[in-house]
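Proteins get letters first, then strands, A, B, ... in listed order; numbering begins at 1 in each. Values below: every heavy atom of this structure, side chains too, minus hydrogens, waters and symmetry copies.
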Protein chains: 2
Amino acid sequence: MLTGNVKLAIVDDHPIVLEGLQRLIAHVPEITMVGTFTEGAPLLDYIRTNQVDILLLDISLPGENGMEICKEVKRISPQTQVLALSNHAERSMILQMLQHGATGYLLKNIAPGELVACIAEAQQGLLTFSKAAKEIMARPSSVELKGIPQLTKREKEILHWIAEGRTTPQIAEQLNVSPLTVETHRRNLIQKFAVPNVAALIKVAAQQGFI
Amino acid sequence: MLTGNVKLAIVDDHPIVLEGLQRLIAHVPEITMVGTFTEGAPLLDYIRTNQVDILLLDISLPGENGMEICKEVKRISPQTQVLALSNHAERSMILQMLQHGATGYLLKNIAPGELVACIAEAQQGLLTFSKAAKEIMARPSSVELKGIPQLTKREKEILHWIAEGRTTPQIAEQLNVSPLTVETHRRNLIQKFAVPNVAALIKVAAQQGFI
DNA sequence: AAATTTCTACTGGTTTCCCGGTATATTTAT
DNA sequence: ATAAATATACCGGGAAACCAGTAGAAATTT
């Protein structure tokens with residue numbers, strides 16, 4: 001599966017994990033470990049001047065944000081494929097990492113053989129997941145789907161325009177109704193989502209896929 | 001790969017596609033086609049009273065929103081695995097469908113054999129993609145990653161609290177600074193994202209992964 | 001050391017939002 | 001047919017957001 005030589009880098013704050021991965025990779029001639037890092041900043045420095053094909057990125061570094069690092073990596077070096085490596089077994093976390101440009105998500109309980117297979121897939125420019133991650137993705141948690149309010153057609157319409165940045169008077173004009181009507185809908189939206197204002201409304205509505 | 005009997009339903013507005021899929025599935029004894037639909041509403045009625053294991057859902061139905069249908073299906077019948085079937089070859093579209101509870105994404109140029117393999121994977125409760133979709137997901141478009149403003153630490157902090165629904169005075173108190181300072185940061189955020197107000201700010205910031 | 005960026009803070013004014021209510025047609029569902 | 005949900009609209013008032021500026025202190029970068 002692996003072709004040519006893969007330059008691999010790893011970021012993880014646990015030295016043991018770095019050790020283990022290094023030993024593991026040593027057995028695979030097609031993979032060259034070009035760098036191991038325990039923090040984000042040195043990694044970002046490294047990729048500015050060196051080629052890294054695949055990055056295994058622990059996204060739960062203390063005091064840092066794995067997503068930010070991922071985004072920055074892709075900004076500096078778009079051809080680097082980032083594989084998130086994490087204990088976080090939550091659907092929303094996986095989706096967020098993908099949104100930040102990750103090309104795959106591996107749970108830390110991954111088997112060595114599976115890891116190599118995933119690296120190979122990533123090298124070929126393919127999305128890849130560990131099996132456990134695939135299982136999580138196929139099981140939308142009931143928490144995620146619960147508590148999602150039912151919106152009427154009109155409410156969805158108005159929600160959309162609010163998210164676009166239109167004010168109440170502007171929306172009213174657009175829909176040919178009274179601003180007071182639009183305001184009522186807006187208030188109903190805020191109530192249905194149980195949030196204090198539009199800012200929070202847009203946040204939760206976006207999270208729940210309404211926008 | 002396929003075990004037992006899979007109850008499959010399809011939604012697609014092109015009769016030809018329905019025909020073709022039906023023919024294709026007829027060759028696979030483990031899959032039973034329990035329903036074909038050209039609109040969302042009849043499908044939703046059907047799943048309210050009948051078991052469907054896997055749903056192939058065309059997400060570009062005229063006058064309907066595939067995401068809404070997907071979300072509704074998962075609400076009514078969480079055990080139904082929804083495979084999005086589409087021509088839309090965009091990363092953001094795929095992510096949105098996953099966010100709405102889909103368990104996989106297949107591009108319409110999928111090979112018959114691959115389709116059956118994907119159905120089998122979905123049946124096992126695993127996330128699944130057609131190969132073309134995997135390729136798209138591994139190539140975050142530069143457009144997506146470009147045009148993303150650089151935010152300072154303070155701005156990120158304030159953005160976060162705005163999204164939580166806090167008002168300017170509340171944030172000021174929390175951070176022990178003047179409300180006027182918070183307002184300045186807020187205005188800088190609105191300017192950096194080139195949006196008219198906080199509602200739009202939260203929308204684009206959420207889309208770009210800041211929230 | 002100098003330049004740039006970031007964080008801080010202000011004045012004064014307009015618009016919009018948000019809250020407490022109430023209320024009547026029109027659909028939609030039972 | 002009757003009940004429930006939806007879309008429409010209003011009043012009054014206080015709080016917050018938004019606009020157009022200016023500007024010094026602190027931290028960072030060059």
Side-chain angles (χ1 to χ4, degrees), chain A residues 40-42 44-45 48-49 68 72 76 148-205 210, chain B residues 39-42 44-45 48-49 68 72 75-76 148-205 210:
Chain A
L44 294 175
D45 282 343
R48 263 182 261 271
T49 47
E68 294 285 326
E72 193 62 14
I76 297 169
I148 292 182
Q150 293 277 8
L151 300 190
T152 68
K153 230 176 204 166
R154 205 50 154 175
E155 283 168 345
K156 281 178 199 164
E157 202 174 0
I158 285 168
L159 174 59
H160 172 253
W161 289 117
I162 293 173
E164 286 295 315
R166 306 291 169 90
T167 66
T168 295
Q170 285 171 347
I171 298 169
E173 197 189 350
Q174 188 147 20
L175 303 181
N176 276 311
V177 292
S178 159
L180 299 162
T181 301
V182 176
E183 203 198 312
T184 302
H185 286 304
R186 159 195 241 110
R187 284 162 67 180
N188 289 339
L189 281 165
I190 287 175
Q191 199 169 31
K192 278 193 180 181
F193 280 92
V195 290
N197 54 35
V198 276
L201 170 69
I202 300 302
K203 189 197 73 165
V204 301
F210 285 101
Chain B
E39 288 165 75
L44 294 175
D45 281 343
R48 263 183 262 269
T49 46
E68 294 283 326
E72 194 62 13
R75 210 181 56 80
I76 296 168
I148 293 180
Q150 293 278 9
L151 301 190
T152 68
K153 232 178 202 164
R154 207 48 155 175
E155 284 168 345
K156 281 179 198 164
E157 202 174 1
I158 284 167
L159 174 61
H160 172 253
W161 289 117
I162 293 173
E164 287 293 316
R166 307 291 170 89
T167 65
T168 294
Q170 285 171 349
I171 298 169
E173 198 189 349
Q174 188 147 22
L175 303 182
N176 277 312
V177 292
S178 158
L180 297 162
T181 302
V182 176
E183 202 198 313
T184 301
H185 285 305
R186 160 195 239 108
R187 284 162 64 183
N188 288 340
L189 282 165
I190 288 175
Q191 198 169 30
K192 277 193 179 180
F193 280 93
V195 290
N197 54 34
V198 275
L201 169 68
I202 300 302
K203 189 196 74 164
V204 303
F210 285 101

>> Without decimals, in angstroms, what is the distance between A:Glu157 CD and D:dT6 C1'?
In response: 14 Å
>> Using whole Å, what does the distance between atom C1' of nucleotide C:dT26 and atom NZ of A:Lys153 come to?
In response: 15 Å
>> Nearest heavy atom decides the nucleotide; on that basis, is A:Glu183 or B:Asn188 closer to the 5' end of DNA chain C?
In response: B:Asn188
> If only side-chain N and O atoms of A:Thr152 are considered, is one of them under 4.0 Å from the OP1 or OP2 phosphate oxygen of D:dA7?
Replying inline: yes
> Hey, does the side chain of B:Thr181 come within less than 4.0 Å of C:dC7's phosphate (OP1/OP2), counting only N and O?
Replying inline: no
>> Quick test of your reading of the model: are B:Arg75 and B:Glu72 salt-bridged, counting only N-O distances below 4.0 Å?
In response: yes
> Can you check whether B:Val198 reaches A:Ile202 side chain to side chain, under 4.5 Å on heavy atoms?
Replying inline: no
>> Rounding to an integer number of Å, can you tell me how far B:Ile171 CD1 sits from C:dT8 P?
In response: 13 Å
>> Expressed as a whole number of angstroms, how long is the span from B:Gln150:CD to D:dT28:P?
In response: 16 Å
>> I need the CG-C1' distance between B:Asn197 and C:dT14, as an integer number of Å.
In response: 16 Å
> Which sits closer to the 5' end of DNA chain C, A:Pro196 or B:Leu180, going by the nucleotide each is nearest to?
Replying inline: B:Leu180
> Is there a side-chain polar atom (N or O) of B:Ser178 under 4.0 Å from OP1 or OP2 of C:dC10?
Replying inline: yes
> Do the charged groups of A:Glu183 and A:Arg187 touch, with an N to O distance under 4.0 Å?
Replying inline: yes
>> Could you tell me if the side chain of B:Val177 sits less than 4.5 Å from the side chain of B:Arg154, heavy atoms only?
In response: yes
>> Without decimals, in angstroms, what is the distance between A:Leu189 CG and C:dC19 P?
In response: 13 Å
> Does A:Gln174 CD have over 12 foreign heavy atoms under 6.0 Å away?
Replying inline: yes
> Can you tell which of D:dC10, C:dC17, C:dC7 lies closest to the side chain of B:His185?
Replying inline: C:dC7
>> If I take atom CD1 in residue B:Ile202 and atom P in nucleotide D:dC18, what distance separates them, rounded to the nearest angstrom?
In response: 10 Å
> B:Ile158 CD1 to C:dC7 P: how many Å, rounded?
Replying inline: 8 Å
> Looking at the side chain of A:Thr168, which of D:dC18, C:dC17, D:dA9 is the nearest nucleotide?
Replying inline: C:dC17
>> Can you tell me which nucleotide in D:dA9, C:dC17, D:dA17 comes closest to the side chain of B:Arg186?
In response: D:dA17
> Does the D:dA20 base have a donor-acceptor partner in the side chain of B:Arg187 within less than 3.5 Å?
Replying inline: yes
